[in-house]
Asker: 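Shown below is the structure under consideration.
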Amino acid sequence: MSRFLRAPFDAMEPYVPGEQPRDKAYIKLNTNESPFSPSPGVLRAVAQEAASLKLYSDPECTSLRQTAAELFGISPDNIFCGNGSDEVLNFAFMAFCGKDKGMAFPSISYGFYPVFANLYALEYDAIPLKDDFTVDPADYFHLDKNIVIANPNAPTGLSLSVSQVRSILDTNRDNLVILDEAYVDFGGESCLPLIREYDNLLVVQTFSKSRSLAGARLGFGLAQKEIIADLNKIKYSTNPYNINRETLAAGEAALREQSYYDANCKKIMENRDFTAKALEALGFEVLPSKANFLFARTPKMGGEALYLALKDKGILVRHFSRKEIADFLRITIGSMEQMQALVSAVQEILK
Ligand SMILES: *Cc1c(COP(=O)(O)O)cnc(C)c1O
């Protein structure tokens, strides 16, 4: 730390991304990336765009928003493009939460929520999950705070139904409800259609998980146009060219090849079912996931020990040291080959 850092940031704990080690080639099942390449049209579009990099990107993301609007059946005015959905979340915290308006979110959820809350010195409620690791919608009724919920939740993979989300929206008409749908394409039910009815809903989606573009950094905020205008106000006050040219081209091409990504999500769900059954056969408890990962534990071995033993065998998974979930591993669903390697490795370790 330099002597110039402002005092409020002294004790701030930054977000810790999943490890990206370079010491050897791992089977990487720790950061919920897709095992599939971006679609052919994306690769072409990115290559074509390279020559135009001397020019700034379109700050309004016009063409990408138009294409997404047609696909989603909404207006471009309902769409905000962020440099990853992390940026959409950051801007939403910055725009809508403050001393007068704190946040509430599940105590076990995406690790970035408390980081943003601390960055903006917000009061926040971290609301415990139920004993079965589900979110209880009733815990969020009539709060005097804005709410952010990942649906499906991470790292549990468990999801709320649209009617459960509706109950939270109905009882928080004067609070913003941010629904982080990073994993919704793997069997969850999107609440995007609800933005017509609710002016207090902001749906956040990403191209990082189901659309194989984690490295491109692209996410959407989807809401009524007044909320989108507010997010744009923040964006134009920080980084108007937040989406680079290649990512704009990649995102638009990806939306035009939706069937490729639908097929990939279907494969991931099949591989998820295979892996869940195989782990259950080995004695694991596996939460019923609607995401591209499983959250699982075995009574035979602690989470950290199993994580280390797998790493030793060249397989990376994610372990969280928080005590409520320290027995669990979060395992990204990759290709069938990768999942078979994982299951064999676990079998050998537990022998
Ligand atoms: C991965 C993830 C994100 C971040 O996605 P980016 O678009 O890559 O920034 C947001 N929310 C949750 C719950 C995630 O798991």
Side-chain angles (χ1 to χ4, degrees), residues 15 17-18 20 22 28 31-92 94-95 112 180-182 184-185 192 202-223 225 227-265 292:
Y15 178 73
Q20 308 276 11
R22 285 161 214 282
K28 231 179 135 288
T31 47
N32 298 342
E33 291 141 321
S34 173
F36 302 110
S37 159
S39 52
V42 168
L43 303 181
R44 274 196 306 273
V46 168
Q48 263 169 22
E49 196 60 25
S52 304
L53 285 176
K54 66 179 180 187
L55 301 174
Y56 281 111
S57 57
D58 171 15
E60 294 181 38
C61 309
T62 314
S63 189
L64 172 62
R65 280 166 52 240
Q66 187 66 49
T67 307
E70 281 162 29
L71 186 71
F72 296 161
I74 55 180
S75 153
D77 294 346
N78 299 127
I79 304 176
F80 176 82
C81 301
N83 190 305
S85 55
D86 288 341
E87 188 181 60
V88 183
L89 293 166
N90 178 24
F91 286 179
M94 207 190 300
F112 234 129
D180 182 347
E181 294 192 335
V184 78
D185 297 329
L192 176 56
L202 170 61
V203 172
V204 179
Q205 295 187 353
T206 178
F207 283 64
S208 295
K209 315 284 162 56
S210 59
R211 291 200 172 91
S212 302
L213 285 174
R217 313 304 305 131
L218 184 61
F220 284 150
L222 307 157
K225 63 181 193 304
I227 288 184
I228 300 305
D230 295 339
L231 292 172
N232 273 313
K233 194 170 199 178
I234 302 285
K235 155 173 155 157
Y236 282 93
S237 306
T238 50
N239 187 11
Y241 307 106
N242 64 334
I243 318 292
N244 70 66
R245 279 182 164 270
E246 298 215 316
T247 296
L248 284 176
E252 187 176 339
L255 293 176
R256 294 187 190 287
E257 291 179 316
Q258 189 57 38
S259 58
Y260 170 87
Y261 297 100
D262 289 344
N264 287 349
C265 288
N292 67 339

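These values consider heavy atoms only, across backbone and side chains, with no hydrogens, waters or symmetry-generated copies.
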Asker: Please collect all salt bridge (charged side-chain N to carboxylate O under 4.0 Å, His left out) contacts where either partner lies in residues 236-263, sequence neighbours excluded, each pair once.
Answerer: Glu49-Arg245, Glu252-Arg256

Asker: Side chains of Ser212 and Tyr261 only: does a donor on one sit below 3.5 Å from an acceptor on the other?
Answerer: no

Asker: Could I get the full list of salt bridge (charged side-chain N to carboxylate O under 4.0 Å, His left out) partners for Asp230, not counting sequence neighbours?
Answerer: none

Asker: Between Phe72 and Asn78, does the side-chain contact (heavy atoms from CB on, under 4.5 Å) criterion hold? Intermediate values first, please.
Answerer: CA-CA 10 Å; Phe72 296 161; Asn78 299 127; over 6 Å; no

Asker: For Tyr56, check ring-ring contact (aromatic ring centres under 6.0 Å, His included) against everything at least two apart and list the hits.
Answerer: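 Per chain and number, Tyr56 pairs via ring-ring contact (aromatic ring centres under 6.0 Å, His included) with Tyr241.
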
Asker: Listed by chain and number, what are the side chain to side chain donor-acceptor pair (under 3.5 Å) partners of Asp180, not counting sequence neighbours?
Answerer: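 Asp180 satisfies side chain to side chain donor-acceptor pair (under 3.5 Å) with Tyr113 once adjacent residues are dropped.
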
Asker: For the SG atom of Cys81 and the CZ atom of Phe207, what is their distance to the nearest 0.5 Å?
Answerer: 7.5 Å

Asker: Kindly give the heavy-atom pair with the smallest separation between Ala250 and Val46, and that separation in Å.
Answerer: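 Of all heavy-atom pairs spanning Ala250 and Val46, the closest is CB-CG2, 3.7 Å.
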
Asker: Scan residues 206-216 for pairs that pass salt bridge (charged side-chain N to carboxylate O under 4.0 Å, His left out), counting only residues two or more places apart or in two chains.
Answerer: none

Asker: For the CG atom of Leu213 and the OG atom of Ser37, what is their distance to the nearest 0.5 Å?
Answerer: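 Output value for this atom pair is 9.5 Å.
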
Asker: Quick one: closest heavy-atom pair of Gln205 and Val184, and the distance?
Answerer: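 So the two residues come closest at NE2-CG1, 4.2 Å.
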
Asker: For Lys28, which residues count as a salt bridge (charged side-chain N to carboxylate O under 4.0 Å, His left out) partner, sequence neighbours excluded?
Answerer: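 Here the qualifying residues are Glu33.
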
Asker: Residues in side chain to side chain donor-acceptor pair (under 3.5 Å) with Asn232, at least two apart?
Answerer: none

Asker: Determine the minimum heavy-atom distance between Leu64 and Gly251, stating which atoms define it.
Answerer: CD1-C, 3.6 Å

Asker: Please tell me if the side chains of Asn292 and Ser210 come closer than 4.5 Å, counting only heavy atoms from C-beta onward.
Answerer: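 They are not in side-chain contact.
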
Asker: Dump the intermediate steps for side-chain contact (heavy atoms from CB on, under 4.5 Å) on Asp77 and Arg65, then the final yes or no.
Answerer: CA-CA 8 Å; Asp77 294 346; Arg65 280 166 52 240; 4.3 Å; yes

Asker: Kindly write out the residues that satisfy side chain to side chain contact (heavy atoms under 4.5 Å, CB included) with Glu70, not counting sequence neighbours, or none if the list is empty.
Answerer: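 By the side chain to side chain contact (heavy atoms under 4.5 Å, CB included) rule, Glu70 matches Gln66.
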
Asker: Angle class for the Phe112/Tyr15 ring planes (parallel below 30°, perpendicular above 60°, tilted otherwise)?
Answerer: parallel

Asker: For Thr247, give me all partners under side chain to side chain contact (heavy atoms under 4.5 Å, CB included), at least two apart in sequence or on another chain.
Answerer: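 So Thr247 forms a side chain to side chain contact (heavy atoms under 4.5 Å, CB included) with Ala216, Leu218, Ile243, Asn244.
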
Asker: Of the non-hydrogen atoms in Leu248 and Ser57, which two are nearest, and what is the gap between them?
Answerer: CD1-CB, 4.0 Å

Asker: Which value, rounded to the nearest 0.5 Å, describes the distance between Gln48 atom CD and Leu43 atom CG?
Answerer: 11.5 Å

Asker: Looking only at heavy atoms, what is the nearest atom pair of Asp58 and Ser63, with distance?
Answerer: OD2-N, 4.4 Å

Asker: My understanding is that only residues two or more places apart in sequence, or in another chain, count here; which of them pass side chain to side chain donor-acceptor pair (under 3.5 Å) with Tyr260?
Answerer: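 In terms of side chain to side chain donor-acceptor pair (under 3.5 Å), with neighbours along the sequence ignored, Tyr260 is linked to no residue.
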
Asker: Looking at residues at least two apart in the chain, or sitting in another chain, which of them share a side chain to side chain contact (heavy atoms under 4.5 Å, CB included) with Ala69?
Answerer: Pro76, Ile79

Asker: Could you report the tightest heavy-atom contact between Gly221 and Ile228, atom names first, then the distance?
Answerer: O-CD1, 3.5 Å

Asker: Please enumerate all residues that pass side chain to side chain donor-acceptor pair (under 3.5 Å) together with Asn242, with sequence neighbours excluded.
Answerer: Glu87, Lys235

